[in-house]
Each structure stands twice: as C-alpha cells, then as structure tokens.
K.L.:
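Take a look at the following structure, please.
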Amino acid sequence: MWRPRGTQVDDYDDMQSIAPQPAVEARLLLVEDAPELREMLEMLLVEEGYQVDCAADGQRALHLGLVRLYDVILLDRMLPGIEGLDVVGRWRRSGRTAPVLVLSALGTPTERVAGLDAGAEDYLTKPFDVDELLARLRALRRRHLDTARQLPVGSGRLDLDAREFRPGAAAGSPVPLSERECELLATLAARPGRVFSREDLLLTVFTEAESPIVVDTYVHYLRRKLGRDVVRTVRGRGYRLGGQEAGR
C-alpha cells in the first residue's frame, strides 16, 4: 500500500486490527483540490469499502454536505472558493453532524486547535501515513455511529439503520417506515430550520422520479403514519420539519 512519509502508526496498531468496514457500506465525502492526491485517496477509500463523493472546492463541498447525509468527511483546508474550516463552521451552524477529519499541510499546534475549534473531530497533517489515516476514519465512525444514525424529530428520534420512528418516552411503539419515507424524513430532520422546495426534495430523495407530485405523495404517507405536524407546509415555498408535537 502507498505510504507517504510522515508520522508512524504505532499508536494506532490496536485500531488496525479492526475490520475496515462494517456490513453496511459507509458514505464518505472527500474534499481535496489537488487532482492527483484526490484520485489516489478516492481509489484507496473505495478499496476500503466506502461509497465516495468528491469535491474539489469549498463551494461544492458545502453544497454536498448540506444536501446529502454522510457517515464521515475527509476535508482539506486550503480550498478554492471557501476555506475548509469555514465550510465546517457552516455545516455545523446548519445542523450537520457528520464527523470531519481535516487533512492539511497546516500542522502547527495553533492550526490544529483552530481546526478542532471550528467543529472538526480530528486533524491530520500532510504528509501522512495511509494506515493512520484509515485508522482515524474508522475511529471517527465508531465514536459517532450511534448519534450519526439517529436524528431528532419532534419529541422522538428517527433511527436510520432500523428505518423507524421512535416516539418519546411512553409515547407508543416504534413506527416502521419505507426506504423513501425514511430518506425524506432524514433529509428534513438533518436541517430542521430549512424549507425545502419540492424540486430540492425531488433532486436529493427521489432521483429517479420526474414529477414533484411524488414529494407530495410521500409527505402524505409520513403524515398518515406520524401525524400531520411531522412535516409542515410553508405556503409557496415547500416543506420543512415539524415542531415538537411531531410524532405524537
């Protein structure tokens, strides 16, 4: 395996014994503006079992991180358009919680602290060791798996792995959802303050559909199962996540 010169992985030997991937393929966003390094990392991560989306600039990274759900993000700092830490800050302010590992040539203690304070969970400097990078990504996924795969919806939570809505304490039994119902509710719950147009939801959730009427249909399905307040209509604009009474 290709190994750039850099830090050793002695401290990560225990993590390397762990199987690289769980049974379910993890979705990763790779943000790197250097073409050769981006292509090498993409190939490496795909070999490890990740489903990889790539971005070469800060604007594209910001967009993908807002409209798609990721299990982990690998992010360069010195990006065209929007600086990497600014991207992280915007994600966090928008409610995105996917764990971020910053991979950067800026490696002083001050730069590392800045990265962590901006909202990143981990920081690795270039040049880097491949085995250490993969071990850190696995560690990030383990630490965030439970919270990343459950999203608050009103007084309950949406369990993405079980594809079910779990009401709050003493509020009833879990409600199973179809794949598309779960994806639609997850998209709304990941950004609870945003109003999504029907076209936005058609593009991100119902990629194979042609008519935005399918969005209305699945909103109706969710309301029928979880109550009318789970999704709110914003007249003339689209849909957003409902309030605290959702799911009751």
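Just so it is clear, the model here is predicted, and its values are computed rather than measured.
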K.L.:
Taking side chain to side chain contact (heavy atoms under 4.5 Å, CB included) as the test, write out the residues that go with T108, two or more places apart.
P.N.:
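Side chain to side chain contact (heavy atoms under 4.5 Å, CB included) check on T108 returns T110, E111.
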K.L.:
If every non-hydrogen atom of G242 is compared with every non-hydrogen atom of R232, which pair is closest and at what distance?
P.N.:
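Smallest heavy-atom distance, with atoms named: CA-CG, 3.8 Å.
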K.L.:
Please name all residues satisfying side-chain hydrogen bond (donor to acceptor under 3.5 Å, both in side chains) with S197, sequence neighbours left out, ordered by chain then number.
P.N.:
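By the side-chain hydrogen bond (donor to acceptor under 3.5 Å, both in side chains) rule, S197 matches D200.
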K.L.:
For the residue pair L62 and L66, establish whether any side-chain heavy-atom pair is separated by less than 4.5 Å.
P.N.:
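In short, these two side chains touch, coming nearer than 4.5 Å.
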K.L.:
Listing request: all salt bridge (charged side-chain N to carboxylate O under 4.0 Å, His left out) pairs with a residue in residues 79-88, at least two apart in sequence or in separate chains.
P.N.:
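Passing the test, one end in residues 79-88: R77-E83, D86-R90.
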K.L.:
For P152 versus A189, what's the shortest heavy-atom pair and its separation?
P.N.:
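Minimum heavy-atom separation between P152 and A189: O-CB, 3.9 Å.
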K.L.:
Under the rule for side chain to side chain contact (heavy atoms under 4.5 Å, CB included), what residues qualify as partners of A118, not counting sequence neighbours?
P.N.:
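Expected list: L85.
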K.L.:
Would V231 end up clustered with V234 when hydrophobic side chains under 4.5 Å apart are linked, directly or stepwise?
P.N.:
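They do not share one cluster, since no chain of ILVMFWY contacts under 4.5 Å joins V231 to V234.
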K.L.:
If the condition is side chain to side chain contact (heavy atoms under 4.5 Å, CB included), which residues does P174 pass it with, not counting sequence neighbours?
P.N.:
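Per chain and number, P174 pairs via side chain to side chain contact (heavy atoms under 4.5 Å, CB included) with E164, R166.
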K.L.:
Identify every side-chain donor-acceptor pair in residues 32-42 under 3.5 Å, counting partners at least two apart or on other chains, and give the distances.
P.N.:
residue, atom, partner, partner atom, Å
E32, OE1, K126, NZ, 2.9
E32, OE2, A34, N, 3.0
R38, NH1, E32, O, 2.8

K.L.:
Grab the two heavy atoms, one from L202 and one from E210, that are nearest each other, plus how far apart they are.
P.N.:
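In this case the closest contact between L202 and E210 is CD2-O, 3.9 Å.
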K.L.:
Of all heavy-atom pairs between A186 and L69, which one has the smallest distance, and what is that distance?
P.N.:
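Scanning both residues completely, I find the closest heavy atoms to be CB-CD1, 3.8 Å.
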K.L.:
Any pair with a residue in residues 214-225 that passes salt bridge (charged side-chain N to carboxylate O under 4.0 Å, His left out), sequence neighbours left out, goes on the list, sorted by first then second residue, please.
P.N.:
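Listed once each, the pairs are E181-K225, R198-D216.
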K.L.:
Just so I know, are the side chains of D76 and V31 near enough to count as touching, which here means a heavy-atom distance under 4.5 Å?
P.N.:
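Side chain of D76 against side chain of V31, heavy atoms only: no contact under 4.5 Å found.
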K.L.:
Treat each ILVMFWY residue as a node, draw an edge where side-chain heavy atoms are under 4.5 Å apart, and state whether V46 and L134 are in one component.
P.N.:
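V46 and L134: one cluster.
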K.L.:
Could you state the interatomic distance from CG (D57) to CD1 (I82), rounded to the nearest 0.5 Å?
P.N.:
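Output value for this atom pair is 8.0 Å.
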K.L.:
Check for me whether R112 meets the cation-pi criterion with Y123, that is, NZ or CZ under 6.0 Å from the six-membered ring centre and within 45 degrees of the ring axis.
P.N.:
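No, R112 does not sit over the ring of Y123.
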K.L.:
Measuring from atom CG of L137 to atom CG of D122, what distance do you get when rounded to the nearest 0.5 angstrom?
P.N.:
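Between L137 CG and D122 CG, I get 8.5 Å after rounding to 0.5 Å.
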K.L.:
From Q59 CD over to L79 CG, what is the distance, rounded to the nearest 0.5 angstrom?
P.N.:
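Q59 CD to L79 CG: 11.5 Å, rounded to 0.5 Å.
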K.L.:
In Å, rounded to the nearest 0.5 Å, how long is the span from CZ of R136 to CG of L103?
P.N.:
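Taking CZ in R136 and CG in L103, the distance rounds to 10.0 Å.
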K.L.:
Do the side chain of R27 and the main chain of D71 share a donor and acceptor less than 3.5 angstrom apart?
P.N.:
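Not confirmed, R27 side chain does not pair with D71 backbone.
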K.L.:
Any side-chain heavy atom of Y70 within less than 4.5 Å of one from L64?
P.N.:
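In short, these two side chains touch, coming nearer than 4.5 Å.
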K.L.:
Nearest 0.5 Å please: distance from the CG atom of L222 over to the SG atom of C182.
P.N.:
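The CG atom of L222 sits 9.5 Å away from the SG atom of C182.
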K.L.:
Tell me, please, which residues at least two apart from R68 pass side-chain hydrogen bond (donor to acceptor under 3.5 Å, both in side chains).
P.N.:
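For R68 the side-chain hydrogen bond (donor to acceptor under 3.5 Å, both in side chains) partners, ignoring immediate neighbours, are D53.
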K.L.:
Starting from L203, walk the hydrophobic network (Ile, Leu, Val, Met, Phe, Trp, Tyr; side-chain heavy atoms closer than 4.5 Å) and list everyone else you reach, by chain and number.
P.N.:
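Listed partners: none, L203 stands alone.
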K.L.:
Does R237 have any side-chain hydrogen bond (donor to acceptor under 3.5 Å, both in side chains) partners at least two apart in sequence or in another chain, and if so, which?
P.N.:
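Per chain and number, R237 pairs via side-chain hydrogen bond (donor to acceptor under 3.5 Å, both in side chains) with no residue.
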K.L.:
For the hydrophobic clusters of this structure (ILVMFWY residues joined by side-chain heavy atoms under 4.5 Å, transitively), does one cluster hold both L29 and M43?
P.N.:
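Different clusters.
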K.L.:
For the residue pair R60 and A55, what are the closest heavy atoms and their distance?
P.N.:
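So the two residues come closest at CG-CB, 3.7 Å.
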K.L.:
What is the distance from atom CG of L185 to atom CZ of F165, rounded to the nearest 0.5 Å?
P.N.:
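L185 CG to F165 CZ: 7.5 Å, rounded to 0.5 Å.
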K.L.:
Name the residue from L74, I73, L28, L75 that meets the side chain to side chain contact (heavy atoms under 4.5 Å, CB included) definition with L101.
P.N.:
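Considering L74, I73, L28, L75, a side chain to side chain contact (heavy atoms under 4.5 Å, CB included) with L101 is found only for L74.
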K.L.:
Show every ring pair (Phe, Tyr, Trp, His ring centres under 6.0 Å) that has at least one partner inside residues 182-214, sequence neighbours left out.
P.N.:
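For residues 182-214, and leaving out neighbouring residues, the ring pair (Phe, Tyr, Trp, His ring centres under 6.0 Å) pairs sorted by first residue read F206-Y218.
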K.L.:
Using modelled atom types only, decide if a donor and an acceptor are shared between the side chain of R240 and the backbone of R194 within a distance under 3.5 Å.
P.N.:
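Side chain of R240 to backbone of R194, a donor-acceptor pair under 3.5 Å: no, none is there.
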K.L.:
Going by heavy atoms in the side chains, are Y50 and L30 under 4.5 Å from each other?
P.N.:
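Contact flag for Y50/L30 side chains = no.
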K.L.:
Under the side chain to side chain contact (heavy atoms under 4.5 Å, CB included) rule, collect the residues that match up with T217, sequence neighbours excluded.
P.N.:
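Once residues adjacent in sequence are excluded, the partners of T217 under the side chain to side chain contact (heavy atoms under 4.5 Å, CB included) criterion are I213, Y221.
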K.L.:
Please find the pair of heavy atoms, one from V214 and one from A209, that lie closest to each other, and give the distance.
P.N.:
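Heavy atoms only, the tightest pair is CG1-CB, 3.7 Å.
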K.L.:
Could you tell me whether a side-chain N or O of T233 sits under 3.5 Å from a main-chain N or O of R235, the two making a donor and an acceptor?
P.N.:
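Checked: no pair found.
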K.L.:
Do V195 and L241 sit in the same hydrophobic cluster, where Ile, Leu, Val, Met, Phe, Trp and Tyr count as joined when their side-chain heavy atoms come under 4.5 Å apart?
P.N.:
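No, V195 and L241 fall in different hydrophobic clusters.
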